[in-house]
Amino acid sequence: MRAIIVEDEVLARQELTYLIQTHSRIKIAAEFEDGLDALKYLQTDTVDVIFLDINIPSIDGVLLAHNISRFAVKPYIVFITAYKEHAAEAFEIEAFDYILKPYSETRIRAMLQKLEGAITAGSRQGEEGPVKLGSDKVNLWKNEKIIVVDADEIYYASAQEKITSVITKGRNTAWPSVSVNSIPACRRSSSSAVTAPIWSICPKSRKSSPGSTIPIC
Amino acid sequence: MTGSLKIYYTHAHKITYSLQAMAVGLSQIISTLMEVSRVEGIKEMANKAELKALQTSINPHFLFNALNAIISSIRIDPDKARELIVNLSGYMRYNLELTDESIDIRRELQQVQHYVEIEKARFGSRLSVLYDIDEVTVRIPSLVIQPLVENAIIHGILKGKGNGTVDISVKDHGDSVRVRIADTGAGISEETIAKVYSGSMEGNKIGLNNVHQRIKLIYGTGLTIRRLAKGTEIYFDVIKEQR
């Protein structure tokens, strides 16, 4: 989970960084004093969250947020400011939250928890959420049989015409442990033959861990 | 026309045409005077309301940001936090105790210092403030220097990227004292200068306009505002009281 802070007050920036690091697993990728610098950074780097002060040099926070809201992949925007009169505008651009100065640690902790939940759920605005699976097991089809493979066992998948092959790590006697097995995979409904587009793993697939989701295109 | 004037004469049928004309003239003068004093009263009320507005217009945002700076420094630098609370208290006390009477310039400068310390803590290296103050004894209307310094910081230095300096100088010129605020920031637009001079400034930029009007009312000449090669310069002359 990556975030940037856009805030032109040094003390406010230090304290916010401290609160984020203390109460969440969110990493601060960069800090900016200037709206335009932040926008430039976002053209090349993607982050999950932006903590955004409204009253900043070059372009103000509301304008910056308007720009960000047109991104294909939108990070969450959390406004942090003493200027309450911008609240209505902020919600118009679907800000995730709106924190007022002076900071309330309780309020910020609650916001960070909500934020982590939202990021983990992967329901990022503007991005089609990855398909959630009940577990991290994938059903594959081999020699007329369905086999259950751990997601971690999968090396990669390749598509040939309408058949997708999933290459997995061998692990029992049926598959010699050192070799890599090529198996034609089945499609989601395992009843029909291997004629339809089947599985493939999204190129930007995150490293999966137990309980996490495997994006399926 | 306001009120009525009645003149009684002790003898019947003695009011001549000239006496009658004089009575009419008198009543018109008195009526006009009453009208004028009423307008003056309204104007004074408006001035007081504007000063009140100026006092309160500074408060909310600055107060919350200052409190946030204090909250943020408590953990890292408690001594700084303590200092900032004293600065904020001094600033607030001055604002709360204000009347529309003039005050010693040194008190106003102290207020400026309280304000500047808080802003310096908030913005760190982005803001430098230099003082060049002559030892002078002169009274000025309250809240004329601080809004100009605030203006220089917020609309000058903080508008642009990078660091900036605000120069605050009070110079003894014999019969008068020149108060000058200059910054190396974004620079005021000619349009804004014209608006301040003509008094057609929009309501939200009350600070600069208000100071200009009040200085003009008291000293005859308002602020002199100039755009520099880099930044803005504003000054006004305070005429020393005759001994």
Side-chain angles (χ1 to χ4, degrees), chain A residues 5-23 28 30-41 51-64 78-87 89 98-109 111, chain B residues 56-85 87-88 92 116-128 150-164 183-187 203-205 231:
Chain A
I5 296 178
V6 191
E7 157 73 80
D8 65 340
E9 293 188 33
V10 54
L11 285 173
R13 213 162 50 226
Q14 281 173 356
E15 183 67 4
L16 186 59
T17 307
Y18 170 80
L19 290 172
I20 292 169
Q21 282 169 352
T22 312
H23 297 299
I28 310 295
E31 295 176 8
F32 301 94
E33 285 185 351
D34 183 280
L36 218 51
D37 287 349
L39 191 59
K40 270 185 215 151
Y41 175 87
F51 297 99
L52 187 54
D53 184 11
I54 287 178
N55 200 20
I56 47 170
S58 295
I59 56 170
D60 75 50
V62 175
L63 201 62
L64 180 59
V78 177
F79 282 110
I80 300 196
T81 176
Y83 294 70
K84 203 177 179 176
E85 60 264 35
H86 291 291
E89 229 175 323
Y98 197 90
I99 298 283
L100 287 175
K101 286 177 187 170
Y103 300 151
S104 148
E105 189 163 2
T106 325
R107 176 77 178 75
I108 289 187
R109 193 167 44 205
M111 176 270 293
Chain B
T56 48
S57 78
I58 310 163
N59 281 331
H61 296 155
F62 175 71
L63 179 64
F64 292 136
N65 281 316
L67 285 173
N68 199 55
I70 293 168
I71 278 197
S72 303
S73 51
I74 283 174
R75 192 177 42 79
I76 310 161
D77 190 351
D79 286 342
K80 186 80 212 166
R82 205 172 288 130
E83 217 175 280
L84 288 175
I85 289 173
N87 283 323
L88 184 61
M92 293 300 291
V116 163
E117 283 311 307
I118 294 167
E119 296 294 57
K120 273 167 73 180
R122 283 173 64 197
F123 297 103
S125 58
R126 287 183 65 199
L127 175 65
S128 317
E150 183 171 337
N151 207 69
I153 294 175
I154 291 172
H155 300 292
I157 311 294
L158 300 179
K159 264 285 145 59
K161 213 166 141 180
N163 308 339
D183 67 75
T184 60
N204 59 345
K205 283 189 177 172

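Reminder, nothing fancy here: chain letters follow the sequence lines and each chain counts from 1.
A:Tyr103 places a side-chain heavy atom less than 4.5 Å from the side chain of B:Asn68. Contact check for A:Lys101 versus B:Leu67: no side-chain heavy atoms found under the 4.5 Å cut-off.
Neither the backbone nor the side chain of B:Ile154 comes within contact range of chain A; no heavy atom of the residue lies under 4.5 Å from a heavy atom of that chain. Within the 4.5 angstrom heavy-atom criterion, no atom of B:Ala186 approaches chain A. For a residue to count as touching a neighbouring chain, one of its non-hydrogen atoms must lie under 4.5 Å from one of that chain's; by this rule A:Asp8 touches chain B with backbone and side chain alike. Of the two parts of B:Arg75, only the side chain, counted from C-beta on, holds a non-hydrogen atom closer than 4.5 Å to a non-hydrogen atom of chain A.
Separation of atoms CD1 (B:Ile76) and CG (A:Leu11) is listed at 6.5 Å; rounding is to 0.5 Å. In this structure, the separation between CZ on A:Arg13 and OG on B:Ser72 is 11.0 Å, given to the nearest 0.5 Å. Note that CG of B:Leu158 and CD of A:Glu33 are 10.0 Å apart. Values are rounded to the nearest 0.5 Å.
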Handout entry: Stepwise side chain to side chain contact (heavy atoms under 4.5 Å, CB included) test for B:Asn65 and A:Glu9
Key = CA-CA 9 Å; B:Asn65 281 316; A:Glu9 293 188 33; 3.6 Å; yes
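What you find for B:Gly160 and A:Pro57 is that their closest heavy atoms are O-CB, 3.6 Å. Listed here is the closest heavy atom pair of B:His61 and A:Ala82: CD2-O, 4.1 Å.
Note on A:Asp37 versus B:Lys161: salt bridge recorded, some NZ/NE/NH1/NH2 to OD/OE distance being below 4.0 Å.
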